[in-house]
Engineer: 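Structure incoming, see below.
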Protein chains: 2
Amino acid sequence: MATTRDLLVETMKQLLWERGYDATSPNLVLERSGAGKGSFYHHFKGKKELAIAAMESRADELCEEFDRLVAVHSDPLAAVEAYMCLTRDAATGCRIGRIVQDPSLEDPLLNAPLKRFFGELHGKLSQLFLKAQTGAQLSDALSPDQLATLAISALQGGFVYGRAVQDGAAVNEATEGFIMLLNTQRLVR
Amino acid sequence: MATTRDLLVETMKQLLWERGYDATSPNLVLERSGAGKGSFYHHFKGKKELAIAAMESRADELCEEFDRLVAVHSDPLAAVEAYMCLTRDAATGCRIGRIVQDPSLEDPLLNAPLKRFFGELHGKLSQLFLKAQTGAQLSDALSPDQLATLAISALQGGFVYGRAVQDGAAVNEATEGFIMLLNTQRLVR
DNA sequence: GTCTATACCGAGATAGAC
DNA sequence: GTCTATCTCGGTATAGAC
């Protein structure tokens with residue numbers, strides 16, 4: 001059953017993805033969802049509270065997607081490659097990275113879900129790289145932490161660059177470039 | 001001589017860096033610069049026109065900085081390394097990448113300076129990688145284009161990731177990680 | 001829980017005097 | 001070229017009825 005509250009959260013998730021936080025007005029959420037002002041302010045204190053709920057939901061969703069992908073790969077580097085090489089479109093933008101630069105996100109309460117998500121993602125990737133190094137599959141020239149930072153950056157930066165030059169394929173050019181460089185660091189068995 | 005027009009452009013450049021386009025109001029520009037509304041709308045048709053002037057100026061400035069850096073390095077890979085490893089702070093943000101995700105930037109007129117800048121940067125980096133490959137200094141496992149895309153993405157994504165997790169050092173962790181991986185692609189002489 | 005009416009404010013811009 | 005007064009619109013939220 002889709003409660004009105006859930007409907008508002010889902011609509012906000014969509015709009016945050018399309019337009020970010022600052023450019024998404026409560027009126028737009030209401031128009032898009034079909035809900036009324038009364039419902040909105042009954043379920044949430046205001047735009048900020050709704051947005052936080054939406055971001056938490058999005059963060060959970062993306063973490064779960066990542067975990068499912070990892071679960072089907074016993075090889076840690078295969079898992080990393082599978083994640084990085086997912087087909088992405090810079091024109092659509094990252095479902096969560098999209099809003100990082102919004103000025104209002106300087107508010108720690110608003111930023112918290114982003115911080116949590118990227119922190120968790122970084123941790124999960126680091127673990128995979130560490131496992132690959134411990135298993136003598138991967139050179140330890142770079143630390144697991146640094147590899148994770150670079151992986152996330154290549155992905156997020158691909159979205160930024162692709163949006164700027166209006167090239168939807170740029171994200172995957174970046175992520176696949178990272179994977180190719182990473183593969184040169186594999187140790188022969 | 002700093003004309004009022006120049007003053008407005010400089011103030012807008014600073015505010016675009018700090019807050020992006022959408023969150024920067026004409027009133028803020030006027031307050032910060034000390035100019036009056038009359039001057040503003042005398043010199044520019046509106047906020048959009050001023051922002052374009054500011055972005056063009058910023059793009060020129062950054063291109064020149066890049067060129068100066070390249071000029072002092074005869075070795076192409078040394079030039080790339082020098083650029084990537086400049087000390088940057090994710091807390092401050094990229095002077096130009098900062099605004100790429102602003103919703104209003106979907107307007108082609110507003111986006112044009114960004115597209116030009118990132119296009120030129122990509123071209124310059126590609127040239128350096130090509131030169132390194134032609135000179136047998138660098139493996140050609142990845143194309144110059146793909147290396148350039150990855151370099152820019154690592155940089156821009158470092159800003160995004162660093163802002164999300166509030167770690168100013170993340171940008172350089174990403175850019176230096178890229179350089180370390182790149183260095184494994186150098187060919188022995 | 002949901003509706004409509006209302007209020008307040010700042011964004012963005014124009015008009016006309018100086 | 002610059003100033004102040006003024007205008008319109010939408011963002012964000014509250015009030016009170018249903």
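Chain letters run A, B, ... following the sequence lines, proteins first and then strands; every chain starts at 1. Everything quoted here is computed from the prediction, not taken from an experiment.
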Engineer: For the side chain of B:Ser39, starting at C-beta, report the closest nucleotide among C:dA13, D:dT14, D:dC3.
Structural biologist: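 Nearest listed nucleotide: D:dC3.
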Engineer: Which listed nucleotide (D:dT2, D:dA13, D:dT4) is nearest to the side chain of A:Pro26?
Structural biologist: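 Within the option list, the nearest is D:dA13.
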Engineer: Tell me: OH of A:Tyr41 to P of D:dT12, nearest whole Å?
Structural biologist: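 One finds 8 Å between P of D:dT12 and OH of A:Tyr41, rounded.
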Engineer: Roughly, in whole Å, what's the span from CG in A:Asn27 to P in D:dG11?
Structural biologist: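 Those two atoms, CG and P, are 6 Å apart.
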Engineer: Examine C:dC3: is either OP1 or OP2 under 4.0 Å from a nitrogen or oxygen in the side chain of A:His42? Give yes or no.
Structural biologist: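 No, because none of the side-chain N or O atoms of A:His42 sits under 4.0 Å from OP1 or OP2 of C:dC3.
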Engineer: Counting any heavy atom closer than 4.0 Å, what does A:Thr3 reach on the DNA or RNA strands: base, sugar-phosphate only, or nothing?
Structural biologist: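 Counting heavy atoms under 4.0 Å across all strands, no contact is made by A:Thr3.
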Engineer: What heavy-atom pair brings B:Pro103 and A:Ala23 nearest, and what distance separates the two atoms?
Structural biologist: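 B:Pro103 and A:Ala23 have their closest heavy atoms at CG-CB, 3.4 Å.
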Engineer: So, B:His122 versus B:Thr149: side-chain donor-acceptor pair below 3.5 Å or not?
Structural biologist: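 Result is yes, a qualifying pair exists.
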Engineer: Can you check the A:Glu31 CD to D:dG10 P distance for me, whole Å?
Structural biologist: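 Those two atoms, CD and P, are 11 Å apart.
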Engineer: Among D:dT12, C:dA13, D:dT2, which nucleotide has an atom closest to any side-chain atom of B:Lys47?
Structural biologist: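 Selected nucleotide: C:dA13.
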Engineer: Can you see whether A:Asp60 engages A:Ser57 through a side-chain donor-acceptor pair at a distance of less than 3.5 angstrom?
Structural biologist: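 Note: A:Asp60 and A:Ser57 side chains miss the donor-acceptor criterion.
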Engineer: Quick one: B:Met12 CE to C:dA11 P, roughly how many Å, whole number?
Structural biologist: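 To the nearest whole Å, that distance equals 12 Å.
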Engineer: Between atom CG in B:Leu30 and atom C1' in D:dG1, what is the gap in whole Å?
Structural biologist: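 After rounding, the gap between these two atoms is 14 Å.
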Engineer: From D:dA13, D:dT4, C:dA11, pick the nucleotide closest to the side chain of B:Ser25?
Structural biologist: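 Per side-chain heavy atoms of B:Ser25, the pick is C:dA11.
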Engineer: Answer yes or no: is there a side-chain heavy-atom contact under 4.5 Å between A:Arg95 and A:Trp17?
Structural biologist: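 Result yes, sub-4.5 Å side-chain heavy-atom pair found.
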Engineer: In this structure, how many angstroms lie between the C1' atom of C:dG12 and the CG atom of B:Leu15, rounded?
Structural biologist: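 Atom CG in B:Leu15 sits about 16 Å away from atom C1' in C:dG12.
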Engineer: What is the separation between atom OH on B:Tyr21 and atom C1' on C:dG12, rounded to the nearest whole Å?
Structural biologist: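 My rounded result for the distance is 10 Å.
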Engineer: With nearest nucleotides of DNA chain D determined for B:Lys37 and A:Lys37 from heavy-atom distances, which residue corresponds to the more 5′ nucleotide?
Structural biologist: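 Per heavy-atom nearest nucleotide, the more 5' residue is B:Lys37.
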Engineer: Side chains of B:Asp75 and B:Gln137: is there a donor and an acceptor less than 3.5 Å apart?
Structural biologist: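 B:Gln137 and B:Asp75 do have a side-chain donor-acceptor pair below 3.5 Å.
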Engineer: Could you tell me how far apart A:Leu7 (CG) and C:dG1 (P) are, to the nearest whole angstrom?
Structural biologist: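 Spelled out: CG on A:Leu7 to P on C:dG1 is 15 Å.
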